[in-house]
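Okay, structure first, notes after.
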Amino acid sequence: MKRILITNANIVNEGKITRGDIFIQDGMIYNIGENLADNEADIHIDATGKYVFPGIIDDQVHFREPGLTHKAEIYTESKAAVAGGITSYMEMPNTVPQATTLELLEDKFAIAKEKSLANYSFFFGATNDNIDEILKVDPENVCGIKVFQGSSTGNMLVDNQESLERIFKECKLLIATHSENDNIIKANLEKYKTEFGEDIPVKYHPKIRSAEACYDASKRVVDMARRYGSKLHVLHISTAEEVKLFDKNLPLEEKRITAEACIHHMWFSEEDYEEKGNFIKWNPAVKTKEDRDGVFQGVLDGHIDVIATDHAPHTIEEKGQKYGKAPSGGPLVQHSLVAMLDMYHAGKISLEMIVQKMCHNVAILFEIEKRGYLRPGYYADIVIADLEKPWTVTKENVLSKCGWSPFEGHTFRSSVTHTIVSGHLAYENGTFYEEVKGKRLKFSRKI
């Protein structure tokens with residue numbers, strides 16, 4: 001493993017911005033401080049004028065492998081992630097086959113070991129009848145259990161109340177939920193089918209997968225987690241009303257119930273359906289400006305603990321179908337950090353807060369071992385960004401296999417220049433160094 005010296009950096013870490021150097025050896029951060037230039041290094045990165053962050057940890061992605069590799073692969077999507085400054089990710093179980101047994105879960109880890117350019121973990125998928133398998137999951141080796149309350153890609157819906165109660169009562173591992181009430185959604189869909197037939201305009205997506213459907217399901221699992229003392233993480237909060245379900249006063253280390261916001265729910269609103277159509281069709285839906293602003297405020301005030309992507313690629317052809325057939329989801333890992341940096345430039349959020357929500361808090365919430373911070377003795381997961389190097393998103397520079405982005409045509413003000421994954425320089429100004437792969441995340445849990 002090569003020794004790397006980063007000098008003259010603006011280091012954003014643990015609530016402060018300081019000027020200094022970072023020396024990396026044997027894959028770990030060896031030292032952080034001033035005047036480290038005398039350390040003998042194989043790679044020297046002069047970060048004058050640039051900003052250095054801990055590597056971004058994305059706690060919700062869909063990389064589609066195995067079984068759906070016409071849309072995405074672990075290799076292609078981890079490559080896009082690394083280019084966007086994401087050094088670690090946690091991938092969802094709704095692949096083909098679904099990761100609902102320990103054997104199938106380990107198959108995904110084996111693929112990532114060979115192909116992933118970023119560090120990785122995989123959620124184990126809950127079903128109505130696999131609780132016994134859930135209880136076998138090793139909490140030190142797996143990020144969590146995923147429960148779909150609303151049917152989405154892969155349709156792993158857990159709709160048996162007795163099964164849901166048993167999962168919350170008996171599972172000691174973190175439970176991450178996709179919280180939408182499927183019955184409310186079905187009733188709304190029938191209403192719009194009566195009016196429009198099969199050709200429903202996409203602008204009605206947030207009326208079908210409504211705020212009511214989200215709030216009802218989120219409240220149900222929050223109440224259940226309180227009743228059983230479960231460790232619950234509610235993914236992709238999309239409504240201002242849901243934000244109120246979560247505590248903003250407790251330190252994150254003491255929270256048993258936490259929440260996530262995604263880039264698209266903080267960036268787009270229902271007004272964007274006219275231009276973007278199915279390309280901003282997600283589950284849960286992008287909703288009103290008030291919901292968008294409420295979710296963003298929830299991030300700022302501590303109701304919402306982490307920022308992620310829910311990166312979920314589909315092909316252009318799939319997205320080009322009529323509303324009822326076009327799948328939900330879109331690629332975001334390449335652009336999540338630069339999108340947040342645009343929000344920093346707009347005066348909406350500080351660099352320190354971006355790092356808190358995309359790095360530190362994810363590590364705290366999932367109890368990830370030696371990642372999420374720039375500290376001696378921690379893995380060297382590092383991203384360097386030039387905050388004054390604009391670039392425009394085009395189909396030609398999208399790295400996700402699906403070949404498109406909801407940000408096409410947008411000019412980001414900042415660029416990721418370098419990404420270091422577990423001490424390996426994986427990306428530098430458009431060039432990838434793929435000879436070293438990412439590592440499996442480990443978790444230091446007291447269960």
Side-chain angles (χ1 to χ4, degrees), residues 1-34 36-37 39 41-58 78-89 116-120 307 333-334 336-338 340-341 351-352 354-363 368-387 389 414-439 441:
M1 188 70 74
K2 292 180 178 178
R3 294 164 296 180
I4 301 174
L5 177 65
I6 303 169
T7 56
N8 305 312
N10 296 301
I11 301 169
V12 188
N13 188 51
E14 303 198 54
K16 296 181 294 185
I17 302 177
T18 56
R19 183 74 178 270
D21 306 336
I22 302 174
F23 183 61
I24 298 162
Q25 185 171 281
D26 298 325
M28 312 297 282
I29 296 172
Y30 185 79
N31 199 3
I32 302 174
E34 298 179 356
L36 301 184
N39 285 275
D42 304 296
I43 298 170
H44 176 213
I45 301 170
D46 182 358
T48 300
K50 298 184 177 70
Y51 286 77
V52 173
F53 309 97
I56 305 304
I57 307 172
D58 193 335
S78 67
K79 187 174 184 178
V82 164
I86 293 170
T87 56
S88 301
Y89 62 85
S116 182
L117 303 188
N119 307 312
Y120 52 87
I307 296 169
V333 288
Q334 188 178 348
S336 61
L337 176 57
V338 290
M340 292 309 303
L341 292 175
L351 295 177
E352 298 92 327
I354 291 171
V355 167
Q356 189 72 46
K357 300 292 181 172
M358 300 184 83
C359 310
H360 303 337
N361 280 7
V362 194
I368 304 171
E369 188 176 285
K370 295 183 179 181
R371 301 190 191 273
Y373 292 86
L374 300 177
R375 291 173 175 170
Y378 273 53
Y379 289 101
D381 293 335
I382 296 172
V383 55
I384 304 175
D386 187 334
L387 270 54
K389 186 180 179 182
S414 306
S415 298
V416 171
T417 61
H418 301 73
T419 305
I420 298 168
V421 179
S422 295
H424 168 67
L425 180 61
Y427 174 81
E428 181 180 24
N429 293 313
T431 299
F432 293 87
Y433 303 98
E434 302 180 11
E435 62 272 16
V436 178
K437 301 301 187 286
K439 294 181 180 294
L441 299 178

Just how far is it from atom [atom1] of [X] to atom [atom2] of [Y], taken to the nearest 0.5 Å?
X    : Y    : atom1 : atom2 : result
I22  : I32  : CD1   : CD1   : 5.0 Å
I45  : T417 : CD1   : OG1   : 7.5 Å
Y89  : L441 : OH    : CG    : 9.0 Å
I29  : I420 : CD1   : CD1   : 9.0 Å
K439 : N119 : NZ    : CG    : 8.0 Å
I307 : L337 : CD1   : CG    : 10.0 Å

Quick one: are [X] and [Y] in side-chain contact, heavy atoms under 4.5 Å?
X    : Y    : result
I24  : L5   : no
H418 : V383 : no
R3   : I43  : no
T7   : H44  : yes
N39  : N31  : no
I56  : V362 : no
I382 : I6   : yes
V52  : L374 : yes

Using the side-chain contact (heavy atoms from CB on, under 4.5 Å) rule, take I11 and I17 through it: C-alpha gap first, then chi angles, then the decisive distance, then the call. CA-CA 5 Å; I11 301 169; I17 302 177; over 6 Å; no
Heavy-atom pair with the smallest gap, counting every atom of [X] and [Y]:
X    : Y    : answer
A118 : S88  : CB-N, 4.4 Å
S414 : V338 : O-CG1, 3.3 Å
I354 : M340 : CD1-O, 3.4 Å
A81  : V333 : N-CG2, 3.7 Å
D46  : K50  : O-NZ, 4.3 Å
G55  : C359 : O-SG, 3.7 Å

All pairs passing side-chain hydrogen bond (donor to acceptor under 3.5 Å, both in side chains) where residues 10-23 contributes a residue, at least two apart: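 Applying side-chain hydrogen bond (donor to acceptor under 3.5 Å, both in side chains) to every pair that reaches into residues 10-23, excluding sequence neighbours, yields E14-R375.
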Under the criterion side-chain contact (heavy atoms from CB on, under 4.5 Å), I'd like the reasoning laid out for S422 against M1: C-alpha separation, chi angles, the key distance, then a yes or no. CA-CA 10 Å; S422 295; M1 188 70 74; 5.8 Å; no
Checking the side chain of [X] only, and the main-chain atoms of [Y] only, is there a donor and an acceptor separated by less than 3.5 Å?
X    : Y    : result
T87  : V421 : no
H424 : Y433 : yes
S78  : L117 : yes
D26  : M28  : no

Just wondering, are more than 12 heavy atoms of other shown residues or ligands nearer than 6.0 Å to CZ in F23?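 Buried by this count: over 12 neighbours within 6.0 Å.
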Mark yes when over 12 heavy atoms from residues, nucleotides or ligands other than E435 sit less than 6.0 Å from its CD; otherwise mark no.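 Check passes, neighbour count above 12.
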Working for ring pair (Phe, Tyr, Trp, His ring centres under 6.0 Å), residues Y373 and H360: CA-CA 6 Å; Y373 292 86; H360 303 337; 4.1 Å; yes
Under the side-chain hydrogen bond (donor to acceptor under 3.5 Å, both in side chains) test, residues paired with S336 that sit two or more places apart: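 S336: no side-chain hydrogen bond (donor to acceptor under 3.5 Å, both in side chains) contacts found.
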Could you check whether the rings of Y427 and F432 sit parallel, tilted or perpendicular, using 30° and 60° as the cut-offs?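 Judged by the thresholds at 30° and 60°, the geometry between Y427 and F432 is tilted.
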